[in-house]
Amino acid sequence: MIHKTMILWALFLASIAPVLAQAAPSAFLPDLELSRPLTREQADYLGVPKDSERFRLSEIKGEYLLLEVFSMYCPHCQREAARVNDLFRAVAASPYAGRILFLGLGVGNSAYEVEVFRQQYKPPFPLFPDPDFSIHKAIGQVGTPYFLFLKLPGEGQGLPILDTQEGGFGDPQAFLKRLARAGRIEK
Amino acid sequence: MKLVTMLVLILGLAGSAWAQLPAGEVYHPGELKPRDSVLRLRTGDKAPDFALTDLNGKVVRLSDYLGKKNVVLSFVPAAFTPVCSDQWPGYNLARPLFEERGAVLLGISTDNRPSQYVWVQEMGGLWFPVLSDFWPHGAVASAYGVLRNDGMAERALFVIDRQGVVRFINVHDINTRPELGGLMQALDQLR
């Protein structure tokens, strides 16, 4: 009986190993460089100089960054867009306002395509194109939508990844609580 | 106690199986030959007329739009494949851009109608007609010179003006998505 139990335990652990592997993200995100003309509002929001053509994530003036990896063409991203905006408003109305910043990355999207997405869904945070998927590759070619919760300004190895979410995150308030726990953010 | 342990282990084994359900609903064909056809048309040619059925079985003809609308034909290779399954939902967002340029969009693949129907439902619906070029297989794709040797259509865009003349052709690398801005620029030339 003990022998059978040990075999079952071994099978159990082997079967959940892939699930556990999926649940453990990389520890750090490379300090990505982004470039596009910024409006004054976007530059002020991110805390980077308006006339800077390029900047790194580590230069963003915030404590935490929620990076959304999306595509204009992704129907799941389209369906999630309103909820992401709700999450932004939830943060703005919370004790974490100004501490958690948002940024969207349109993988495989040109500047034109990112603008189409922005015009449709009006996210109140900056969106950046990644037309040749180069940033997408650096992130790990994740599916969309994908959310990375990062600690700013980062460390030598990059930006610590505090949490990730593939696909929709459900209730914005619940997700905000989850992010606060992941970041151990005190009110 | 041993019974409880066994139950927990059995449920855990079953649960982990549930956790590993496929992440997406598409078939990944791998990297394909970017292009595998010979174009039969050039800009300035009269676009071949056709009659294909949409998802409701209604016959749609290119000539239905003569004198009325610019027409964008979007050929895609196959239902339930990655690039196709996000190219057309992207055009949902772009509907106002097509309409303000006086254009209709017709989606065409060589899939049969039942496959297209389920695929479109899974994509959440589309605003434009989706036409089946299944039988005679790929006849329209062939007439336009975009039928591949494996029976799929190329990933191709044709812009046809109100006089039925081809004004823009983009037979794109089948593995990547054509950029929307270029298509809109082509439609802007017809204003």
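What you are looking at is a predicted structure, and each value in this text was computed from that prediction instead of being measured. Chain A is the first sequence line, chain B the second, and so forth, proteins listed ahead of strands; every chain is numbered from 1.
For a heavy-atom cut-off of 4.5 Å, chain B lies close to A/V116, A/F117, A/Q120, A/Y121 in residues 116-134 of chain A.
Minimum heavy-atom separation, B/R177 to A/V107: NH2-O, 4.3 Å. Shortest non-hydrogen contact noted between A/Q78 and B/L93 is CD-CD1, 3.7 Å. Nearest heavy-atom pair across B/Q87 and A/Y73 is O-CD2, 3.5 Å. Heavy atoms only, all atoms of each residue included: A/R79 and B/M123 are closest at NH1-O, 4.3 Å.
Within 6.0 Å of the CD atom in A/E33, the count of heavy atoms belonging to other residues, nucleotides or ligands exceeds 12. In B/R191, the CZ atom is crowded: over 12 heavy atoms of neighbouring residues, nucleotides or ligands sit closer than 6.0 Å. The neighbour count for B/W127 CH2, taken as heavy atoms of other residues, nucleotides or ligands under 6.0 Å away, is above 12. When the shell of 6.0 Å around NZ of A/K177 is examined, it contains 12 or fewer heavy atoms from other residues, nucleotides or ligands. Counting heavy-atom neighbours within 6.0 Å of B/Y65 OH, excluding the residue itself, gives a total above 12.
In this structure, the side chains of A/N109 and B/E179 stay at 4.5 Å or more apart for every pair of heavy atoms. Put simply, the side chain of A/H76 does not reach to within 4.5 Å of the side chain of B/P89, judged on heavy atoms.
Heavy-atom distances place no part of A/T144 under 4.5 Å from chain B, backbone and side chain included.
Applying the salt bridge (charged side-chain N to carboxylate O under 4.0 Å, His left out) test to residues at least two apart or on different chains, none of the pairs has a partner in residues 134-160 of chain A.
Under the 4.5 Å side-chain heavy-atom criterion for ILVMFWY residues, a single connected hydrophobic cluster contains both A/Y96 and A/F175. Linking Ile, Leu, Val, Met, Phe, Trp and Tyr whenever their side-chain heavy atoms come within less than 4.5 Å puts A/V114 and B/L97 in one cluster. B/F98 and B/F75 end up in different hydrophobic clusters when Ile, Leu, Val, Met, Phe, Trp and Tyr side chains are linked at under 4.5 Å.
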